Amino acid sequence: MRIVCAMSGGVDSSVAAALLVEAGHEVVGITMRLYDASAHGEASAGGRCCSPAEVYRAREVCDLLGIPHYVVDESELFWQRVIVPFGRDYAAGRTPNPCTRCNQHVKFPPLVARARALGAERLATGHYARKVGNALCRAADPRKDQSYFLFSMGRAALSFVEFPLGGMTKDEVRARARALGLPSADAPDSQELCFVSSDGHAAFLERHAARLGVSGEALAEGPVLDRAGRVVGTHGGIHTVTVGQRRGLAVAGTRRRYVLSIVPEQRAVVVGDAKDLQVAGLEVGEVCDLGLPAEPFSARVQVRHRSRPYEAVVVPGGRRARVRFQEPVSAVAPGQAAVFYVGERVVGGGWIDRVHPGDASP
Amino acid sequence: MGPKGGPSPCYATGVSRPGPAAWARPRVYLDVNAGLPLCAAARTAMAELMAEAPANPSSIHAEGRAARARLERARRQVAGALAVDPLEVVWTSGGTESNVLAIHGALGDGPADVVVDPLSHPSVTETLRRLQARGRVRLHTLPVDDQGRLDPAGARALLAAVRPALVSVCVASHELGVVHDVAAVARAARAADPTVRVHADAVQALGKIPVDPRGWDADLVSLSAHKVGGPAGVGVLLVRRPMRLEPPWAGGEQERGHRPGTEPLWAAVPAAAAIADAVARQPAAARALAERHRHLLRRIATVDGVRPVGCIEPSTHNTVLLTCDGADGQILVMALDLEGFAVSTGAACSAGQARPVAALLATGHGEAAARQAVRVSFSHETDLADLDRFVETLRVVLPRVRRAVRQAPTAGAPAMEAS
């Protein structure tokens, strides 16, 4: 069958395409051009996902595999739907998750539509996740599992996609890439955001504040407060801090202080002790449904990419949901995604917009 | 694919090299304006040249003289085909260089008024815009109607008012196939100012309509070899006497100082063969093209929401630009490619940016229409049955593409933002 494979130029999507070719499918590679650093006056984030260099590499791989390759430019959509919300989230004291936003708004729906337009029956990506029936599940390789980033892709997209790497480990993927002679076989995994250059996201936001609709004032330095509201230091802008952060705060005293919360109205950062980071529950908005039960249900809820999931009860309520943890969870940042797992399966998730501090289960 | 829910066993089998695909479809090439495959005359000329292994045509010694003789034979071949003096033939690296060399070479350092044809290739319009941004050119545009037809009275009035130093005419539009009357523009320009330089970009005219530099009274004429079955990377700029070019670079007296750099003998010889061939077969080709043009337009009229633009007389009769309501030109090109048909959205672009068709913007059709268009360009040898198959495939593919556009509006495309 005809399958469109989303090609980032990296080793994972290259091997995904190769596997599909080997399986006898008519594979069509598509690379989305999402961000051109030089077009925004940025030092190139060279070699990251979807940069011009990676587009070149994806084309090289498709030539090697003998499959057609097309490049589509979605940089305007990426700017509007990923980078602008990224800036506004930080300015509002939240910690955004741009990769998930990208999957939700830029990658899956437009690519599924394009794949259908090209007469394809499936869209494949190099994500580490598995599809069991029409359920989204964790990948076989727990260290590479990316199901957390995929909760917002939507049911329509999920029914159309394939994840050829879902049952493989990264080592197996690399071995396959070497056997195929893929140029990207031993390239390091990208860890950074594709659009932020080496001086970090804060500098990026400051350079582009005006175009992002963020006032310079919102990014100015502000007070660090203790839980009683006393000023104990200063910070370099609320966009430079994240809930749970310990380093990089100019706070008097020798005690270890952690960022507990951010108060954008006062441009203030509230710090406290590790025990004060404990969260008993969450409120989640923009809930995405990949099979949510209608009634409250037990789930394991993951609140960061690199974190274990925690036992909780999820109370669904349309576009919102409440989460009550069985045990306190530390350092939960508004703006991040809370993803609900039942067993290995992602049944849904949403964006954290409020946390309920507390160390006791309700 | 295997059972859902994980990799099927076939994912895990041994490495295989990609072979000829089972889904391979017969190909129909309808992107002739982007280039023709190498013709027999050019292949023969290349093979002969390889056996000769010529030296540098500018060398004094016997080997150099032999190479020079070969180069000049090619030059005379082109001159003979176009009824110009061999000394007026300057080898270039292709249509783009011919256009850029003509513009830079014809203009001095001071700011100059230039009148440009809005259907011109980007190598003309973008070069002039860049010069305008640097203050070296004041740019004026010839008036055209919504089908790309030149407005003769408007053109005369503009030329009389502006009295430009250079006027650049697009003999045949690469996007619409519309033919502009160079001779009329040249007459009007010279009536306004006898010192005007007239540039004619005949890249898309060659082989389709008569190319007549003398009859046009053009000072500079651009040609490209690979549009008529020569190799890519070589072209010709006719620099008609008494005009002298001031090339933008220096370092050699080759081509009588018009174009410094070792002459591209390897490319020039097959280029001359292809150009001579194209000119010789042009009258027959024109009749065959007109038949195919009529045929395609009749068939296209049966497809809902598809309108040809610029199918007026005079024309090259080989280019049909189709605006497809509710579609996206770039996706349509990809979808047709996968079904075996090579068409384009206009100017070739590798960066994936869906650029609107410039001729549609220039003729006032607006950004939305310009993003919904595909260009079909065929040769005198294209099968009528292949054109029929193209129309039937378009009929099948279009609804799919329209559905995708409705489902995934892309930012930056106003046509889709409305939905």
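Remember, predicted model here, so these are calculated numbers, not experimental data. A, B, ... follow the sequence lines: proteins, then strands. Residue 1 opens every chain.
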What are the two closest non-hydrogen atoms of [X] and [Y], and how far apart are they?
X       : Y       : value
R400(B) : A117(A) : NE-O, 2.9 Å
L338(B) : R2(A)   : O-NH2, 3.3 Å
A335(B) : L118(A) : N-CD2, 3.4 Å

CE-NE2 distance between M334(B) and H69(A), expressed to the nearest 0.5 angstrom: 9.5 Å

Contact class of R81(A) relative to chain B, heavy atoms under 4.5 angstrom: neither

Side chain, backbone, both or neither of V106(A) within contact of chain B (heavy atoms, under 4.5 Å): neither

Atom CZ of R178(A) with >12 non-hydrogen neighbours under 6.0 angstrom: yes

Heavy atoms of other groups near E381(B) CD, more than 12 under 6.0 Å: no

